[in-house]
Amino acid sequence: MMKQLRHISIVWFAFILIATGCSGGTSGSKEEGAQQEKVLTIGNTIDNVTFDIHNHGNTQTESIHVNIFEYLVKKDGDDPRKKLPGLAVSWERTDDLTWRFKLKEGVKFHNGDPFTAADVKFTLERVAKDKSLVDYSSYSNIDQVNVIDEFTVDVITKEPDPILLARLSRISSGILPAAYFEKVGVKGFMDDPVGTGPYKFSKWIKDDRIELVKNTDYHGEKPNWDRVVFRTIPESTTRISELLTGSIDIAVIIPPGDIQRVKDSGSTYYVDKESARVQSLLVRQTPGTVTENPKVREAIELAIDKKAVIDNVLGGAGVPTQEAIGPGILGHSPELFNTDIYNVERAKQLLAEAGYPDGVELTLSSPASTKEVAETLAAYLTEASFKVNLEILEQTQYKQRDNSNTFKELALQGKGNSMFEAPLQLEIFITENAAGQTDYSNKEVDELLKAAATNLNDEERAEQYERAQAILAQDRPRIFLYQNKFNYGVNNRIDFTPRTDEMFYADDIKLKEDE
């Protein structure tokens, strides 16, 4: 009898497998007339930082959030300085301090609450007034948001703001549901975040994955996927393996040594895109540090063969630079871009002139994700007579050190530019902003950057930023290394075109069989 029952169970289990059409793939397809769930799975290097959109500055986190929360205006994927309608259908500057936005009607948040001007007021005034929030400084020029009617708001700034639209198209401008947020509080919202986007929050398994499901009541076109999964896979070998076996559809940051594997696998392809991200060395100028000496800072830059780092470590995915911003951004300085000033003998000479003929000791800190770059930089510096203490930190530890400003002489950092405007990259060099970090101070740079921040004349503003960048290239509060190309490995089933802003808008990513 037991044998007969076991036989029936096995047959029944086999029948279930056939009936459900189980598949090992990450993206669904039609089988026997039935539509299998369509799932898009993306492999990121780090976990979601938080669902408080005002309290992080992380690009990979934003690339998740853009599917849940929506901005008043959106960046064009090919030309990020061009702005497209989002939750605002139109806008105009009514005077030097005021922008008026007409809002889209008939939009609902994921919990059913209607989207109105009150939600815009709540969202923008929260980040503009709470100094404890990470992104406060990018919005503190907003004085108030006036509700004109249910679907019209005026955003009023303290001083003229030439880049307000850019501010409203990135990280901290995703519109929050005012009534729900105030009802459940910050912790309640973190546990169950709500936006107006095409995908709704489903689950967050920390350090493993975020899962989103389609918003069937979305106000725009029907969402393309049933479920979107963002996996956290910090180890590049694991990430590439998961891509090649079909467990994920898109993998970010393909190491140079794996690019050919991705190209040759037969099931995946490789694609890259120039980004606005610039890799640099943060350089302390705190009194008492060896890098306080400008000759030491110059020696550090001359000791590094940036082009060789790009070619040999990054597989050519970058452009050497001496500036904080790149082409396509107002204030870009062509004479500082794609430059080569490598001169190891001059670097040694500068160290001797600085009083260190036998070399000098310094510490270089780096996140584990850029370990190979950091090791190469340390080798170049050693060749120029520096004695380098290389400190490789896991992402969480690195972030803690960064937030507490406790790095020593040098720290390797990649800085994105979600605004695609100069202030986000340059205003960190204003004396009061640099205090405790690089401790850099230059009166002329302060004057130039503060004047540009309120200058509505683009031509004059560009000249101010270019002049500031020329000074920064000499003073070296950061030593700019290269502008990144961001690269991806993609499953052949997926049609994916990278964006310059590094975002993953799930509905721009297609399953090829649906096209």
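Remember, it's a predicted structure, so these values are computed and weren't measured experimentally.
Here E301 pairs with K306 in a salt bridge; the nearest charged N to carboxylate O distance falls below 4.0 Å. R167 has no carboxylate O lying under 4.0 Å from a charged side-chain N of E421, or vice versa, which leaves the two without a salt bridge. With respect to K450 and D446, no salt bridge is recorded, no charged nitrogen being found less than 4.0 Å from a carboxylate O. By the 4.0 Å N-to-carboxylate-O rule, K74 lies too far from D501 to be salt-bridged with it. R170 and E62 are not joined by a salt bridge, as no carboxylate oxygen comes within less than 4.0 angstrom of a charged side-chain nitrogen. Salt bridge present: K348 and E345 bring a charged side-chain N and a carboxylate O closer than 4.0 Å. A salt bridge does not link R297 with E409: every distance from a Lys NZ or Arg NE/NH1/NH2 to an Asp or Glu carboxylate oxygen is 4.0 Å or more. Between R461 and D458, at least one side-chain nitrogen of the basic residue sits less than 4.0 Å from a carboxylate oxygen of the acidic one, meeting the salt-bridge criterion.
The two residues L362 and V290 have their closest heavy-atom pair at CB-CG2, 4.5 Å. When every heavy atom of A128 is checked against every heavy atom of I142, the shortest pair comes out as CB-O, 3.7 Å. Taking each heavy atom of A384 and A347 in turn, the nearest pair found is CB-CB, 4.1 Å. Considering all non-hydrogen atoms of both residues, R239 and G43 come closest at CD-O, 3.7 Å. Between F420 and A276, the closest heavy-atom pair is CE2-CB, 3.6 Å. The two residues N293 and A354 make their nearest non-hydrogen contact at ND2-CB, 3.6 Å.
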List the steps and the verdict of side-chain contact (heavy atoms from CB on, under 4.5 Å) for I253 and F486. CA-CA 7 Å; I253 310 179; F486 222 69; 4.0 Å; yes
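No side-chain donor from either of N484 and S275 sits under 3.5 Å from a side-chain acceptor of the other. For the 3.5 Å distance criterion, the side chains of R277 and T59 qualify, holding a donor opposite an acceptor. Residues E460 and Q464 bring no donor and acceptor atom of their side chains to less than 3.5 Å of each other. Counting only N and O atoms by type, the side chains of S385 and Y356 include no donor and acceptor under 3.5 Å apart. Inspection of the R401 and T406 side chains reveals an N or O donor paired with an N or O acceptor under 3.5 Å. Side-chain N/O atoms of T286 and T289 include no donor and acceptor closer than 3.5 Å. With hydrogens and angles left out, the side-chain atoms of D402 and Q413 include a donor and acceptor closer than 3.5 Å.
Under the 3.5 Å distance criterion, the side-chain polar atoms of Q285 are matched with a main-chain donor or acceptor of D475.
Among the candidates V229, N48, N44, the single residue satisfying the side-chain contact (heavy atoms from CB on, under 4.5 Å) test with I210 is N48. Exactly one of Y270, F504, Y269 qualifies for a ring pair (Phe, Tyr, Trp, His ring centres under 6.0 Å) with F496. That residue is F504.
In the displayed structure, K206 atom NZ is contacted under 6.0 Å by more than 12 heavy atoms of other residues, nucleotides or ligands. Atom CD of E235 is surrounded by 12 or fewer heavy atoms from other residues, nucleotides or ligands within 6.0 Å. Counting non-hydrogen atoms of neighbouring residues, nucleotides and ligands closer than 6.0 angstrom, the CD atom of E459 reaches no more than 12 such neighbours. Within 6.0 Å of CD on E394 lie no more than 12 heavy atoms contributed by other residues, nucleotides or ligands. Heavy atoms of other residues, nucleotides or ligands lying less than 6.0 angstrom from NZ of K82 number 12 at most.
Between Y136 and H54, the distance separating the two ring centers is not shorter than 6.0 angstrom. Y398 and F407 have their aromatic ring centers within a separation under 6.0 angstrom.
To the nearest 0.5 Å, atom CD1 of residue I163 and atom CG of residue L330 are 10.0 Å apart.
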